[in-house]
Amino acid sequence: PVQILSYLGGVVKVEETDLKPRMGFLYSISTRNISVFINATREQDSGQYMCTVNVVDDTIRLDKNVGLINLTVLVPPAAPTCQLHGNAVVGANVTLSCSSKKGKPSPMYQWQREPPTLQVFFPPAQDRARGTLKLTNLSLEMSGVYVCRAENQAGSKNCSIVLEV
């Protein structure tokens with residue numbers, strides 16, 4: 001463990017870490033509420049944080065004097081990349097793929113065909129975790145704009161691909 005913030009002898013001290021300019025006590029210590037804040041959170045701020053309270057002349061009992069909390073900083077998906085795999089000719093099979101380089105937790109993907117022929121896809125044609133959509137036995141009517149949405153609890157981003165059969 002690395003100490004990042006302390007209050008000792010009436011003095012608040014923030015240690016020299018990348019959190020130094022972004023963290024502190026939320027309230028005056030005199031309120032006895034020792035909640036902390038972290039501004040401008042980053043993915044690398046994720047982890048386990050421990051609060052230890054030691055009172056002068058008090059018996060130190062580890063099970064009573066320590067609080068733990070796990071912090072997970074969510075990251076919205078980066079703009080995904082859409083790709084076509086295979087030859088888009090009548091009767092052929094193709095796979096559309098969609099992937100985002102960033103996102104925590106890992107994004108789920110949803111494909112749909114845009115109007116005028118709106119179409120939403122489901123398994124087994126679509127794999128939401130992998131971001132793939134399998135189109136089989138292509139016909140001219142399957143031509144159109146296909147949009148993939150990469151989504152997690154922190155946000156979503158789209159990409160699209162034009163399929164010309």
Side-chain angles (χ1 to χ4, degrees), residues 1-6 14-27 33-52 66-165:
V2 176
Q3 185 166 304
I4 52 177
L5 182 64
S6 63
V14 184
E15 301 296 329
E16 291 293 333
T17 68
D18 69 334
L19 284 167
K20 183 171 183 170
R22 304 183 290 122
M23 87 165 313
F25 287 107
L26 196 55
Y27 305 104
N33 182 330
I34 57 170
S35 299
V36 298
F37 67 84
I38 300 175
N39 289 330
T41 54
R42 304 171 184 162
E43 185 175 4
Q44 57 265 35
D45 295 337
S46 296
Q48 187 173 68
Y49 289 79
M50 177 172 53
C51 172
T52 306
V66 175
L68 296 173
I69 189 165
N70 290 308
L71 174 67
T72 300
V73 178
L74 303 180
V75 179
T81 302
C82 286
Q83 292 183 306
L84 168 70
H85 307 275
N87 293 321
V89 296
V90 173
N93 300 335
V94 296
T95 300
L96 305 182
S97 69
C98 176
S99 65
S100 182
K101 291 193 186 311
K102 277 190 180 179
K104 186 176 182 179
S106 295
M108 295 298 280
Y109 301 95
Q110 176 69 51
W111 279 98
Q112 79 173 36
R113 184 174 170 192
E114 291 292 275
T117 314
L118 178 63
Q119 188 176 4
V120 178
F121 301 96
F122 300 95
Q126 175 176 248
D127 184 327
R128 294 206 61 207
R130 287 196 172 103
T132 57
L133 175 65
K134 293 180 180 172
L135 300 174
T136 58
N137 194 18
L138 290 179
S139 64
L140 294 174
E141 294 77 30
M142 294 169 82
S143 295
V145 177
Y146 291 76
V147 174
C148 173
R149 184 175 77 238
E151 182 175 40
N152 67 12
Q153 293 96 312
S156 67
K157 287 277 176 31
N158 296 344
C159 66
S160 64
I161 194 162
V162 176
L163 177 66
E164 291 183 40
V165 181

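If you read the sequence from its start, that first residue is 1, and numbering goes on from there. Only this structure's heavy atoms are used, side chains among them; waters, hydrogens and symmetry mates stay out.
- To the nearest 0.5 angstrom, Leu135 atom CG is 9.0 Å from Asn93 atom CG.
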Any chance you could lay out the side chain to side chain contact (heavy atoms under 4.5 Å, CB included) test for Met142 and Asn137, step after step, and finish with the verdict? CA-CA 10 Å; Met142 294 169 82; Asn137 194 18; over 6 Å; no
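- Side-chain N or O atoms of Gln126 include one that pairs as donor or acceptor with a backbone N or O of Trp111 at under 3.5 Å.
- Residues Tyr49 and Ile4 form a side-chain contact, since some pair of their non-hydrogen atoms from C-beta on lies under 4.5 Å apart.
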Let's go through Val2 and Glu15 carefully: what are the C-alpha distance in whole Å and the side-chain angles of both, what is the deciding distance for side chain to side chain contact (heavy atoms under 4.5 Å, CB included) to 0.1 Å, and is it a yes or a no? CA-CA 9 Å; Val2 176; Glu15 301 296 329; over 6 Å; no
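- Residues Ser156 and Gln110 fail the side-chain proximity criterion, which asks for heavy atoms closer than 4.5 Å.
- Counted within 6.0 Å of NZ on Lys102, heavy atoms from surrounding residues, nucleotides or ligands total 12 or fewer; the atom is thus considered open.
- Residues Pro76 and Lys157 fail the side-chain proximity criterion, which asks for heavy atoms closer than 4.5 Å.
- Between Val90 and Leu138, every side-chain heavy-atom pair lies at or beyond the 4.5 Å cut-off.
- Note that CD1 of Ile69 and CE of Met50 are 13.5 Å apart. Values are rounded to the nearest 0.5 Å.
- Within a 6.0 Å radius of CD in Glu164, no more than 12 heavy atoms belonging to other residues, nucleotides or ligands are found.
- At a threshold of 4.5 Å between non-hydrogen side-chain atoms, the residues Asp18 and Arg42 count as touching.
- In terms of modelled atom types and a separation under 3.5 Å, the side chain of Ser100 and the main chain of Ala78 share a donor-acceptor contact.
- Taking OG1 from Thr72 and CD from Gln153, the interatomic distance works out to 10.5 Å, rounded to the nearest 0.5 Å.
- Atom CG of Leu68 is surrounded by more than 12 heavy atoms from other residues, nucleotides or ligands within 6.0 Å.
- The line from CG of Leu5 to SG of Cys51 is 9.5 Å long, rounded to the nearest 0.5 Å.
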Would you sort out whether Leu71 and Ile38 count as a side chain to side chain contact (heavy atoms under 4.5 Å, CB included), showing the intermediate values? CA-CA 11 Å; Leu71 174 67; Ile38 300 175; 4.2 Å; yes
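- Side-chain N or O atoms of Asn152 include one that pairs as donor or acceptor with a backbone N or O of Val75 at under 3.5 Å.
- Heavy-atom neighbours of Asn33 CG from other residues, nucleotides or ligands within 6.0 Å: above the threshold of 12.
- Checked by atom type and distance alone, the side chain of Arg113 never pairs as donor or acceptor with a backbone atom of Tyr146 at under 3.5 Å.
- To the nearest 0.5 angstrom, Ile34 atom CD1 is 12.0 Å from Leu26 atom CG.
- The closest donor-acceptor contact from the side chain of Arg22 to the backbone of Asn39 lies under 3.5 Å.
- Checking Ser139 against Glu141 by side-chain atom types alone, a donor-acceptor pair falls below 3.5 Å.
- Separation of atoms CZ (Phe122) and CZ (Arg128) is listed at 10.0 Å; rounding is to 0.5 Å.
- Cysteine sulfur proximity is not satisfied for Cys148 and Cys159, their SG distance being 2.5 angstrom or more.
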